[in-house]
Amino acid sequence: MNPSIRSLIAWLTSITRPVHKPLFVSALLRIINLSLDIVLFGLAGGGVMALVTSSGSVGPLLGWLVLVSLLKAFAYYLEQFSGHYVAFKALELLRTYVFAKLWPKAPGIITHARSGDILASLTRDVDRIEVFYAHTFAPLVAAYVVSPLAVIIAGITCGADLVWGAALALALSLFVVPVIGTRDALAATRSTLERRRDLAHHVTDSVFGKAEVVGYGRQELRLAEMEEVGEQISATSARARRVVAVRRGANVVLLAATCLTIVLAGAGHSPVVVAALAAGALRLYEGPRGVEDAVGYLDHSFASARRLWEISHAPELVSDGPDTYTGRAPAVSFHNVSYAYRTEGGERAGFALDSVSIEAPAGAHTVIVGPSGSGKSTTIQLLARYDDPDEGTITLDGVPVNRFTLDSLRTSVAIVSQKNQLLASSIADNLRLARPEATDEELMEALALAGMTKDIGAMPEGLATHVGMGANRLSGGQAQRVCLARALLMDPAVLVLDEFTANLNSELEQEIRANIAAAFPSVTIIEVTHRLDSVRGADRIVMLDRGRVVAEGTPADIEAGSGSLSAFFHENV
Ligand code: ADP
Ligand code: MG
């Protein structure tokens with residue numbers, strides 16, 4: 001998985017096709033702007049020489065200068081306008097593409113990614129590629145068109161002997177300088193970006209694991225490690241900056257050489273022409289300077305493009321089925337389901353589920369209990385096809401779940417997961433992920449069902465309240481109830497609750513259960529729990545241990561087998 005630069009560009013341009021026309025317009029405007037720039041300087045240089053040698057007059061010269069300046073200002077304005085239009089539009093296209101690509105894989109990626117900062121790093125990568133559209137294409141095109149054309153026109157109109165030195169210097173600047181240290185700069189940039197990501201991981205791990213860090217007295221060690229990564233970052237980024245400095249220096253030397261050769265070759269020519277050419281040459285290197293900057297941005301853009309390409313082209317864990325699921329309150333069955341997580345290398349770790357069979361009757365409340373690590377979360381994630389089992393089948397009313405489109409399946413099977421997954425945005429935004437067209441009233445209704453009415457009432461900004469990174473501005477219980485409200489907004493056929501009572505007091509829990517029973521009387525509920533209270537009201541109990549079903553039945557069955565529910569619970573969970 002290592003695309004060539006050419007295939008990366010082909011891939012990017014296929015995404016951003018709609019901005020190509022405005023992009024060409026902005027390149028054209030840049031060409032006009034750069035040309036007028038050279039003309040303006042030439043005019044000023046030649047004009048002043050004409051005044052000095054008293055072969056011209058001030059009036060017309062000033063007139064021309066004003067006219068060209070105004071035209072240039074206008075072209076500059078239009079160039080900036082179109083350039084920014086292109087950049088923002090490209091940003092929108094890239095974001096939409098990447099998130100659309102990521103969306104079907106998200107559960108898998110989020111459960112497998114380290115530290116879960118994938119959204120943040122994706123956004124940064126997209127921003128870096130946007131720079132490609134904003135600051136590279138137009139400057140590159142303009143540089144390779146305007147500067148050579150200016151030299152050729154000067155050669156034709158004023159004499160080739162005047163510009164041969166300029167032509168040589170310009171050729172070096174356009175074709176040799178940009179490739180100085182290319183490979184080194186790209187490698188340095190790539191490793192800088194990687195080390196920065198390591199640093200971000202290190203910091204998030206320290207923050208989220210602060211209890212462990214402090215508990216084991218590792219503060220000094222973590223700080224020292226962080227410092228070391230920081231030093232590596234400044235060392236590698238210095239390598240990239242050195243290349244930039246060398247290129248800049250080379251261009252300044254070539255600029256000086258250009259002006260010098262024009263003046264030296266100017267002996268037999270009119271001083272006005274020589275002055276005009278030498279002055280114009282001062283702006284000849286605006287093109288190459290744009291190339292210098294652009295090449296610097298390109299390193300970053302390509303390193304980021306490569307990462308996005310890899311994510312977008314990562315194999316899908318699961319593929320769409322042909323049918324749209326439209327059922328209501330189905331019976332859910334697992335038939336001899338076995339599943340092993342893959343390691344990074346792709347081998348199977350030990351079995352997380354070993355020939356698990358579960359019947360969750362239609363419209364009933366089935367509870368899965370078992371010690372930590374027994375496979376409860378894995379079971380329910382397979383139901384929503386975060387991945388497919390290695391063996392066995394999972395069905396809704398007898399139809400295997402892989403017959404359905406992922407979209408219809410995942411909007412019908414709503415999981416309120418153990419780790420709440422809220423985006424760093426407002427409560428309303430998070431809820432509308434489930435139903436984008438929902439009105440504020442509908443959002444409030446869903447929140448009311450989830451027992452959040454009082455909490456929302458106490459927030460000055462109400463629905464617009466920002467939940468913060470990792471929902472850190474909400475309490476654990478609030479975050480979980482927002483997730484529940486989001487699931488309820490989908491009007492699910494199957495509601496799956498993973499340890500959803502962990503952060504709730506039992507009074508609130510009772511209230512929410514009553515709300516759900518009233519508003520969704522027939523929904524099939526599958527609940528994973530550690531709480532005895534939650535088991536009592538269930539229609540069916542399934543007990544997992546080390547990936548196997550070890551007991552199953554109605555609460556009455558279980559009681560008959562173990563003497564009492566609480567004896568069963570205390571022995572096993
Ligand atoms: P539970 O929800 O009952 O606590 P899980 O279903 O989360 O249990 O985990 C079952 C087993 O699978 C455990 O041994 C756990 O370590 C392993 N496991 C869970 N998630 C992953 C993962 N993303 N990658 C590898 N192994 C995992
Ligand atoms: Mg779990």
Side-chain angles (χ1 to χ4, degrees), residues 102 104-118 201 204-205 208-209 212 311 314-318 332 334 336-358 360 366-392 394 401 413-421 476-477 479-480 483-484 487 494-504 525-532 534-535 538 540-552 568-573:
L102 189 64
K105 304 179 193 181
I109 288 184
I110 287 169
T111 35
H112 295 120
R114 266 207 299 160
S115 303
D117 73 336
I118 183 140
H201 281 312
T204 22
D205 285 352
F208 285 106
E212 287 78 5
I311 287 179
E316 307 260 352
L317 281 177
V318 293
V332 178
F334 287 66
N336 298 321
V337 169
S338 296
Y339 179 72
Y341 284 97
R342 305 288 184 279
T343 59
E344 298 249 328
E347 309 99 59
R348 290 170 172 200
F351 276 100
L353 297 181
D354 185 1
S355 206
V356 164
S357 294
I358 295 174
T366 301
V367 160
I368 302 176
V369 294
S372 177
S374 57
K376 306 183 294 295
S377 297
T378 306
T379 304
I380 59 179
Q381 285 168 2
L382 290 179
L383 173 60
R385 293 192 72 207
Y386 283 20
D387 201 353
D388 284 333
D390 298 307
E391 278 164 49
I394 302 170
V401 287
V413 177
I415 297 188
V416 180
S417 67
Q418 193 172 1
K419 276 184 247 156
N420 67 72
Q421 280 159 355
Q480 208 133 25
C483 290
L484 173 65
V494 182
L495 179 63
V496 182
L497 306 170
D498 193 354
E499 303 279 8
F500 131 89
T501 55
N503 297 305
L504 300 181
I525 299 179
I526 298 179
E527 177 169 2
V528 167
T529 187
H530 261 96
R531 272 210 198 170
L532 182 56
S534 319
V535 178
R540 221 180 151 71
I541 300 174
V542 178
M543 167 88 203
L544 282 183
D545 190 16
R546 277 168 285 180
R548 288 167 178 271
V549 176
V550 292
E552 190 178 9
F568 163 82
F569 217 76
H570 289 126
E571 266 166 44
N572 295 299
V573 179

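Numbering of ligands and ligand atoms starts at 1, following listing order. Bear in mind that the values here come from a model prediction, so they are computed numbers and not experimental data. Every heavy atom of this structure was used, including side-chain atoms; hydrogens, water molecules and symmetry mates were not.
- Rounding to the nearest 0.5 Å gives a distance of 8.0 Å between OG of Ser357 and CD of Glu552.
- In terms of polar-atom proximity, defined here as any N/O pair under 3.5 Å, Ala352 makes no such contact with ligand 1.
- Considering only non-hydrogen atoms, atom 24 (N) of ligand 1 lies nearest to Tyr341 out of Tyr339, Tyr386, Tyr341.
- By the 4.0 Å heavy-atom criterion, Ser372 is counted among the residues contacting ligand 1.
- To the nearest 0.5 angstrom, Ile525 atom CD1 is 16.0 Å from Arg540 atom CZ.
- Between the side chains of Ser374 and Asp545, no donor-acceptor pair is found at a separation under 3.5 Å.
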Exercise. Hey, mind stepping through Ile415 and Tyr386 against side-chain contact (heavy atoms from CB on, under 4.5 Å) and telling me if it holds?
Worked result: CA-CA 11 Å; Ile415 297 188; Tyr386 283 20; 4.3 Å; yes
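- Note on Thr378: not counted as a metal contact of the Mg ion (ligand 2), no N/O/S atom lying under 2.8 Å.
- Here is the list of ligand 1 atoms found below 4.0 Å of a heavy atom in Thr378: 5 (P), 6 (O), 9 (O), 10 (C).
- Atom numbering of ligand 1 starts at 1 in the shown order; those under 4.0 Å from a heavy atom of Ser377 are 1 (P), 2 (O), 6 (O), 7 (O).
- Of the options Val542, Val549, Val528, Leu544, a side-chain contact (heavy atoms from CB on, under 4.5 Å) to Thr379 is made by Leu544 and by none of the others.
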